[in-house]
Amino acid sequence: MNTNTQSIFFLIFAFAFCAIQAQQINPEINSMAEKLESKVIEWRRDFHQNPELSNREFETAKKIAKHLKDLGLEVTENVAKTGVVAILKGNTPGKTVALRADIDALPVTERADVPFKSTVKTTFLDTEVGVSHACGHDTHTAILMGVAEILTKHKDKINGTVKFIFQPAEEGPPPGEEGGAKLMIKEGVLKNPDVDAIFGLHINSGTEVGKIRYKPGGTMAAVERFVINVKGKQTHGSAPWTGVDPVLISAKIIDGLQTIISRESPLVKEAAVITVGKITSGVRFNIIPESAEMIGTVRTLDPKMRELIIRRMNEMVPSIAKAYGGDATIEFQNNTSITYNDPALVKQMLPTIEGIAGKENVILSKATTGGEDFSYFQEVVPGFYFFLGGKSKGTEKAAAHHTPDFYIDESGLLLGVKVMSQLTLDYLNAQ
Ligand SMILES: [Zn+2]
Ligand SMILES: [Zn+2]
């Protein structure tokens, strides 16, 4: 190997090494985040003890807005009812990055044994319920408030603009109301200045503190709710041939729908689910009823599979009913889209996350069939949504999200603050 070839090899090696090397955290950001940790935890406990349901986050929003105004940011309140949006302009003009935290709690009575346990009660759909942050959105809110403080103090080193989006009603607005990411987008949250990329995280009760899980492409499912109405012809239970049985037709439809998953969906690509969760029909044993209603959900992770499954359900439901002499209609309502992580953005930003968390702590994960309304932002702009560990080290089992024993180890929050701050800087300064 001559000297020339050697130096070419060296250059190639050096370039390849640089390309995959983890980015280190800015030491200033690191120390600011560490100093701010106790404050972030304090905010989180306050939100935890005073949880508010979707579209009712009035006090939560006031506290967020006060903090952002105190930082001197341009703040807009009442976006999508109770949302708060703040804009931070950096030293030089450039791209705009949005950071999103959801702020709502759930109708779940907390059972976790913590001194800042929620004892809040309210009325939800005419029932008295306990309210708690059983999905951990209190941690997201506190983390993003911390990030806002750090980036504001660091603004002379920022090229471009940061938009902080504190989003209400991620869990879904109450029936009959609009809300969440969809309404924020409708009200123009991704415009003026136009957002180039968006980042978001979700704390995870089952992932150990210090670890981050991510997946490029579909990471959480599109959630569709459907209602099927089957019409038959009522008759005496002893003489079915004199009527049309909607219960039997419902059974055939359920059977048929499952073959869309098992026989028609390319399951090696991504998972997909059709579930019928509720069937209502009939009043007594010897009457074949007039009609039946079925309610269910579809979960998909790939846009093409989503299209195929919905199209086939629309075709199959009325034809099966027809084959047995009845009629059936199906209607869909979309609850979330596919939480789709832009592969190029993931590739670009991964070294930042690996540099802060340590490569061994950043885990490429499988998709989940749960839904997340961050997906709507990702339909408009490239986005990256990942999961932050909130399970105490050495703990075997963790309570699931949305359950009374849901618990988050607060020592996991600091990593979220560091990662979100540095992702923003690296994205904006890479232009
Ligand atoms: Zn949730
Ligand atoms: Zn959540």
Side-chain angles (χ1 to χ4, degrees), residues 44 47-48 51-57 60-61 64 80 82-83 99-112 118 120 122 124-125 129-145 165-175 179-184 198-207 212-215 218-225 297 299 334-341 365 367-378 383-391 398-410 412-413 416 420:
R44 185 261 165 160
F47 291 128
H48 193 90
E52 294 174 294
L53 292 180
S54 306
N55 275 358
R56 305 288 183 272
E57 309 92 333
T60 306
I64 297 166
T82 46
L99 306 176
R100 176 273 211 169
D102 40 9
I103 65 173
D104 55 330
L106 285 160
V108 173
T109 304
E110 182 166 21
R111 216 158 43 193
S118 163
V120 173
T122 191
F124 179 68
L125 302 179
V129 290
V131 185
S132 69
H133 270 290
C135 202
H137 298 180
D138 51 344
T139 66
H140 307 166
T141 311
I143 288 172
L144 195 56
M145 280 167 67
I165 300 178
F166 290 87
Q167 184 215 299
E170 192 286 322
E171 300 289 357
K182 218 178 199 172
L183 186 59
M184 286 198 120
I198 185 162
F199 298 117
L201 60 74
H202 206 302
I203 196 89
N204 187 263
S205 67
T207 303
I212 283 177
R213 291 195 296 107
Y214 77 100
K215 180 186 175 288
T219 183
M220 291 184 87
V223 176
E224 252 79 38
R225 177 183 186 270
T297 186
R299 305 293 165 110
N334 168 247
N335 285 4
T336 71
S337 200
I338 299 167
T339 305
Y340 188 85
N341 285 330
S365 299
T368 68
T369 43
E372 162 62 56
D373 88 345
F374 185 80
S375 54
Y376 290 124
F377 296 119
Q378 291 170 309
F384 185 8
Y385 190 78
F386 53 91
F387 300 92
L388 176 70
K391 184 176 85 168
H401 288 239
H402 293 207
T403 65
D405 296 310
F406 176 75
Y407 172 79
I408 288 301
D409 184 331
E410 293 165 330
L413 272 56
M420 280 301 227

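Each ligand, and each atom within it, is numbered from 1 in the order the structure gives.
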**Residue Glu171 atom name (nearest to the Zn ion (ligand 1); N/O/S)** = OE2
**Request:** Please report the shortest heavy-atom distance between Ser118 and Val131, naming the atom on each side.
**Result:** OG-O, 2.6 Å
**Request:** Show the numbers, then the answer: is there a side chain to side chain contact (heavy atoms under 4.5 Å, CB included) between Ser132 and Thr109?
**Result:** CA-CA 6 Å; Ser132 69; Thr109 304; over 6 Å; no
**Request:** Give a yes or no on whether His137 keeps an N, O or S atom under 2.8 Å from the Zn ion (ligand 1).
**Result:** no
**Message:** Nearest 0.5 angstrom please: Lys215 NZ to Asn341 CG, how far?
**Reply:** 8.0 Å
**Contact flag Cys135/the Zn ion (ligand 2), N/O/S atoms, threshold under 2.8 Å** = yes
**Message:** Quiz question: by atom type and distance under 3.5 Å, do the side chains of Glu372 and Tyr385 form a donor-acceptor pair?
**Reply:** yes
